[in-house]
Amino acid sequence: MRVLVTGSSGQIGTNLALRLQRVGHSVFGVDKRQNTWTDEFPYLLQDLAGHYPSFAGGIGGVEYPEVDVVVHLAAHAKVHQLVRQPHRALENAIMTFNVLEYCRQIGVPLVFSSSREVYGDVHRFEEYGEGIADFAYTESPYSASKITSEAFIYSYARCYGLDYLVFRFSNVYGRFDNDLHRMPRVLPLWIHQISRGEPITVYGGDEKVLDFTYVDDCIDGIARGVDALARGRVANETINLAYGQGNTLVRAAELIGAALDIEPQIAFASSLLGEVTHYVADIRKARELLGWEPTTPLEEGIPRAVGWFRDWRAAHPEEDRPIVDGWAAGEVEHGCKQPAAAGA
Ligand SMILES: NC(=O)c1ccc[n+]([C@@H]2O[C@H](COP(=O)([O-])OP(=O)(O)OC[C@H]3O[C@@H](n4cnc5c(N)ncnc54)[C@H](O)[C@@H]3O)[C@@H](O)[C@H]2O)c1
């Protein structure tokens, strides 16, 4: 298959592109940034959030190679950054619109990367079947951008016969996620801080429970989806992809400490604006439709993630420097004064 991956310089895009290529597919990436981890697959540097008049051949009239399926991952993906800079959430929606128009005009199906954030935080401690997402509970501009994108996709399916799969991810970790100066994600940030003997902050305390997904489980699910969609076996479904188990952030910090053999120094702070504080995915649909089964619980995934992080850091010692926390340093916009945090 020929697969176009947007957001190919990001965490999931890099892992997915390498995986698809490894099993024999032809991959073409699009991202507005260079890939800082690998040059093993071809990609185009392009800003996908422009207002483009033309989609012939590619978004904005740029010539893409022929493709059989598009995986749209490009987004501003940091929840708190979008609380501060909500125009970026609008850019997410514009990117999805551009990708949809491209898919519609060349007649190819779309796989989209949504998020557990569409469930909001209202249904705490209930089950999270795909049907309970409700836009009245939109927690943040990032959630709004995913709900908007999903809504556009469903409308394109109805009006233009677009075939799609929407995946809702949750805290993916493990590899190609250590570009902390661009995108501080909670687990690699803590690996970085604990290994440097620095304290970490748990926002939301011991009550915060999330569903962490080891990257290879996530990529396996997407790859199955791409295959099933392109072959017409599964289409027009919205599917949770996560491990299906809740873990507290404190448990995650302890596992990182154990893998590094360093006692973490943990400070607690209250939960942040726009934040989901409890999520455990219902993954039955992914199992049923894709024959997919996640295999890596947090206890196994964190030692692997720590191992990957250490190997990368050994080869790039210049990255061993403090993470500058712009939020804490007073980079506050639009009056929503909140401390910084690492989201996913
Ligand atoms: N990683 C997770 O835990 C997680 C969880 C839920 C949802 N998601 C979603 O999955 C997708 C991939 O996530 P990720 O973790 O790889 O994010 P990421 O930030 O690592 O990758 C996103 C990529 O999109 C690119 N991008 C942003 N704006 C762009 C633009 N205007 N034009 C072109 N490229 C642009 C960025 O440069 C980046 O490389 C995102 O849509 C994200 O919202 C991720």
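Bear in mind the structure is a predicted one, so any value in this text is a computation, not a measurement. Atoms within each ligand, like the ligands themselves, are counted from 1 in listed order.
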Item to check | Contacting atoms of ligand 1, where contact means under 4.0 angstrom from a heavy atom of Ala49 | outcome: 31 (N)
Checklist entry - Heavy-atom contacts under 4.0 Å between Ser114 and ligand 1: side chain, backbone, both, or neither? => result backbone
Checklist entry - Taking only residues two or more places apart in sequence or in another chain, which ones pass side chain to side chain donor-acceptor pair (under 3.5 Å) with Thr213? => result none
Item to check | Leu48-ligand 1 polar pair, N/O distance under 3.5 Å | outcome: yes
Item to check | Backbone or side-chain N or O of Ala74 under 3.5 Å from ligand 1 N or O | outcome: no
Next on the checklist: Applying a heavy-atom cut-off of 4.0 Å, say which part of Gln46 lies close to ligand 1: side chain, backbone, both or neither.
Outcome noted: backbone
Item to check | Test item, Glu117 contacting ligand 1 (heavy atom, 4.0 angstrom) | outcome: no
Checklist entry - Does the side chain of Asp220 reach to within under 4.5 Å of the side chain of Trp292, using non-hydrogen atoms? => result yes
Item to check | Salt-bridge contact Arg196-Asp320 (side-chain N to carboxylate O under 4.0 Å) | outcome: yes
Checklist entry - For ligand 1, is there an N or O atom under 3.5 Å from any N or O atom of Ser170? => result no
Item to check | Distance-only N or O hit between ligand 1 and Ser113, under 3.5 Å | outcome: yes
Item to check | The single option from Tyr102, Phe97, Phe112 passing ring pair (Phe, Tyr, Trp, His ring centres under 6.0 Å) against His72 | outcome: Phe112
Checklist entry - Considering distance alone, does some N or O of Gly7 sit under 3.5 Å from an N or O of ligand 1? => result no
Next on the checklist: Below a 4.0 angstrom heavy-atom separation, can you tell me which part of Arg185, side chain or backbone, both or neither, approaches ligand 1?
Outcome noted: side chain
Next on the checklist: Counting only nitrogen or oxygen atoms and a 3.5 angstrom limit, does Lys32 reach ligand 1?
Outcome noted: yes
Checklist entry - Which bit of Lys146 gets closer than 4.0 Å to ligand 1, counting heavy atoms only: side chain, backbone, both or neither? => result side chain
Next on the checklist: Would you say CZ of Phe152 has more than 12 non-hydrogen atoms from neighbouring residues, nucleotides or ligands within 6.0 angstrom?
Outcome noted: no
Item to check | Glu91 heavy atom under 4.0 Å from ligand 1 | outcome: no
Checklist entry - Which atoms of ligand 1 sit under 4.0 Å from any heavy atom of Asp47? => result 30 (C), 31 (N), 32 (N)
Item to check | Pair Lys146 + Glu117: basic N to acidic O under 4.0 Å | outcome: no
Checklist entry - So, is Val30 polar-close to ligand 1, with some N/O to N/O distance under 3.5 Å? => result no
Item to check | Aromatic ring pairing Phe169/Phe167, orientation class (parallel under 30°, perpendicular over 60°, tilted between) | outcome: parallel
Checklist entry - Is Ala77 in polar range of ligand 1, meaning some N or O pair under 3.5 Å apart? => result no
Checklist entry - Ser115 to ligand 1: N or O pair under 3.5 Å? => result no
Checklist entry - Would Val306 and Leu255 satisfy side chain to side chain contact (heavy atoms under 4.5 Å, CB included), going step by step from the backbone distance to the final call? => result CA-CA 10 Å; Val306 167; Leu255 287 168; over 6 Å; no
Checklist entry - Judged by non-hydrogen atoms, does Lys78 sit under 4.0 Å from ligand 1? => result no
Checklist entry - Which residue pairs pass the ring-ring contact (aromatic ring centres under 6.0 Å, His included) test when at least one of the two sits in residues 212-240, sequence neighbours left out? => result Tyr173-Tyr214
Checklist entry - With a 4.0 Å cut-off, would you call Arg2 and Asp68 a salt bridge? => result yes
Next on the checklist: Give the atom numbers and elements of ligand 1 that come within less than 4.0 Å of a heavy atom of Met95.
Outcome noted: 28 (N), 29 (C), 30 (C), 31 (N)
Checklist entry - Under a 4.0 Å N-O cut-off, is there an ion pair linking Asp179 with Arg182? => result yes
Checklist outcome for this item: Residues Ala157 and Tyr164: closest non-hydrogen pair is CB-CE2, 3.6 Å
Item to check | Region of Arg182 engaging ligand 1 - heavy atom pairs below 4.0 Å | outcome: side chain
Item to check | Part of Asn171 with heavy atoms under 4.0 Å of ligand 1, whether side chain, backbone, both or neither | outcome: backbone
Item to check | Note: Arg19-Asp216 ion pair, threshold 4.0 Å (strictly below) | outcome: no
Checklist entry - Considering Tyr142, Phe112, Tyr43, which one's heavy-atom position lies nearest to atom 9 (C) of ligand 1? => result Tyr142
Checklist entry - Got a salt bridge between Glu91 and Arg88, using NZ or NE/NH1/NH2 to carboxylate O under 4.0 Å? => result no
Item to check | Interfacing atoms of ligand 1 (cut-off 4.0 Å, heavy-atom, Gly10) | outcome: 16 (O), 18 (P), 20 (O), 21 (O), 39 (O)
